[in-house]
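Step one of this worksheet: look at the structure below.
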Amino acid sequence: MRVAEIRVDGMCKAYGGKRVLEGFQAAFPAGSVTGVVGPSGCGKTTLLHILMGIERADAGTVTGVPHAKSAVFQEDRLLEGFNAVSNVRFVLGHRHPETDIRMHLEQVGLAGSLEQPVSELSGGMRRRVALVRALLAPSDIVFLDEAFKGLDTQTRTQALAYVAANRRGRTVILVTHSPEEAGALGGGLIRMQMPDGLGGSG
């Protein structure tokens with residue numbers, strides 16, 4: 001039986017004495033989209049890294065996170081010498097039809113750029129390759145850390161529509177500076193604050 005939701009209780013995290021998270025609590029409903037917003041430095045990316053198992057909290061508990069995860073990080077983390085199709089196929093394996101990968105990349109506006117090494121693509125194009133890779137990966141939860149940054153309005157709308165059409169009922173946790181992105185995906189919002197009420201940089 002799948003856990004009904006992901007729960008975070010009393011999470012604390014500090015780096016070199018600088019507190020990033022202190023007593024943080026939140027619930028992320030299973031099968032829903034949740035946007036995480038707040039000033040820069042308030043711990044949004046740290047929260048995602050802890051939920052993904054990349055980092056460990058200093059205190060607190062996390063329950064309900066599915067084992068199979070996929071993500072778009074703030075950095076694209078692509079294989080620079082591979083083209084867009086090969087970057088996605090590297091995650092999916094050779095049994096996944098190449099025609100399907102190409103179709104998905106075309107859905108985010110990358111037709112005509114599929115054979116170029118990703119090192120030659122623009123930042124926005126690289127972002128969309130990373131997005132398709134995360135959405136096609138076999139997972140029960142998708143983490144999106146500012147996945148739509150650097151995209152113009154039209155391309156962002158296209159990319160958001162792609163996520164909405166391909167999340168397949170999975171839980172999505174979206175870190176963003178734009179609450180409208182979560183709204184476009186039909187999701188709720190969690191607003192994070194700086195520890196001790198300190199101001200963020202943006």
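One-based numbering along the sequence shown.
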- Would you sort out whether Val8 and Phe28 count as a side chain to side chain contact (heavy atoms under 4.5 Å, CB included), showing the intermediate values? CA-CA 9 Å; Val8 177; Phe28 302 89; 4.1 Å; yes
Report yes or no: does [X] contribute a side-chain atom to a donor-acceptor pair with the main-chain N or O of [Y] at less than 3.5 Å?
X: Ser122; Y: Met125; result: yes
X: Thr157; Y: Thr153; result: yes
X: Asp58; Y: Ala14; result: yes
X: Arg128; Y: Gly124; result: yes
X: Arg19; Y: Tyr15; result: no
X: Thr176; Y: Glu146; result: no
X: Asp76; Y: Leu78; result: no

- Query: Can you tell me if CZ on Arg56 sees more than 12 non-hydrogen neighbours from other groups inside 6.0 Å?
  - Reply: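 Not buried by this count: 12 neighbours or fewer within 6.0 Å.
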With rounding to the nearest 0.5 angstrom, report the [atom1] to [atom2] distance, [X] to [Y].
X: Met11; Y: Thr61; atom1: CE; atom2: OG1; value: 8.0 Å
X: Ser70; Y: Arg170; atom1: OG; atom2: CZ; value: 5.5 Å
X: Ser40; Y: Met194; atom1: OG; atom2: CE; value: 8.5 Å
X: Leu135; Y: Leu131; atom1: CG; atom2: CG; value: 5.0 Å
X: Ile173; Y: Asp145; atom1: CD1; atom2: CG; value: 11.5 Å
X: Leu144; Y: Leu48; atom1: CG; atom2: CG; value: 8.5 Å

- Ignoring hydrogens and angles, state whether a donor on the side chain of Gln74 or Thr45 is under 3.5 Å from an acceptor on the partner side chain.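 A donor-acceptor contact under 3.5 Å links the two side chains.
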Does any non-hydrogen side-chain atom of [Y] lie less than 4.5 Å from one of [X]?
X: Asn83; Y: Gln116; answer: no
X: Leu174; Y: Val36; answer: no
X: Thr171; Y: Thr34; answer: no
X: Leu136; Y: Asn166; answer: no
X: Leu114; Y: Glu106; answer: yes
X: His177; Y: Lys44; answer: yes
X: Asp140; Y: Lys69; answer: no
X: Phe73; Y: Met52; answer: yes

Of all heavy-atom pairs between [X] and [Y], which one has the smallest distance, and what is that distance?
X: Val129; Y: Ala84; answer: CG2-CB, 3.8 Å
X: Val72; Y: Ala147; answer: CG1-CB, 3.9 Å
X: Ala134; Y: Ser139; answer: O-OG, 4.5 Å
X: Leu21; Y: Met192; answer: CD2-CE, 3.3 Å
X: Ala26; Y: Ile190; answer: CB-CD1, 3.7 Å
X: Arg191; Y: Pro179; answer: NH2-CG, 4.3 Å

Hydrophobic cluster identity match, [X] and [Y], side-chain contacts under 4.5 Å:
X: Leu47; Y: Val172; result: no
X: Val142; Y: Leu51; result: no
X: Ile6; Y: Phe24; result: yes
X: Ile54; Y: Val175; result: yes
X: Val163; Y: Leu92; result: yes

- Message: Just to verify, what does Gln154 make a side-chain hydrogen bond (donor to acceptor under 3.5 Å, both in side chains) with, not counting sequence neighbours?
- Response: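 Once residues adjacent in sequence are excluded, Gln154 has no partner under the side-chain hydrogen bond (donor to acceptor under 3.5 Å, both in side chains) criterion.
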- Are Lys149 and Glu181 close enough for a salt bridge, meaning some N to O gap below 4.0 Å?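 Salt bridge absent between Lys149 and Glu181.
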- For the pair Arg89 and His96, evaluate side chain to side chain contact (heavy atoms under 4.5 Å, CB included) and give the outcome as yes or no after the intermediate values. CA-CA 7 Å; Arg89 172 170 274 186; His96 194 97; 6.0 Å; no
- Ring centres under 6.0 angstrom apart (His104, Tyr162):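 His104 vs Tyr162: aromatic centres under 6.0 Å.
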- Task: Let me see the working for Val118 and Leu79 under side chain to side chain contact (heavy atoms under 4.5 Å, CB included), right down to the final yes or no.
- Result: CA-CA 7 Å; Val118 296; Leu79 299 167; 5.9 Å; no
- Task: Show your working on salt bridge (charged side-chain N to carboxylate O under 4.0 Å, His left out) between Glu80 and Arg126 and close with a plain yes or no.
- Result: CA-CA 10 Å; Glu80 297 291 329; Arg126 292 164 59 90; 2.8 Å; yes
- Task: Please step through salt bridge (charged side-chain N to carboxylate O under 4.0 Å, His left out) for the pair Arg102 and Glu115, ending with a clear verdict.
- Result: CA-CA 10 Å; Arg102 288 178 175 272; Glu115 307 303 332; 2.6 Å; yes
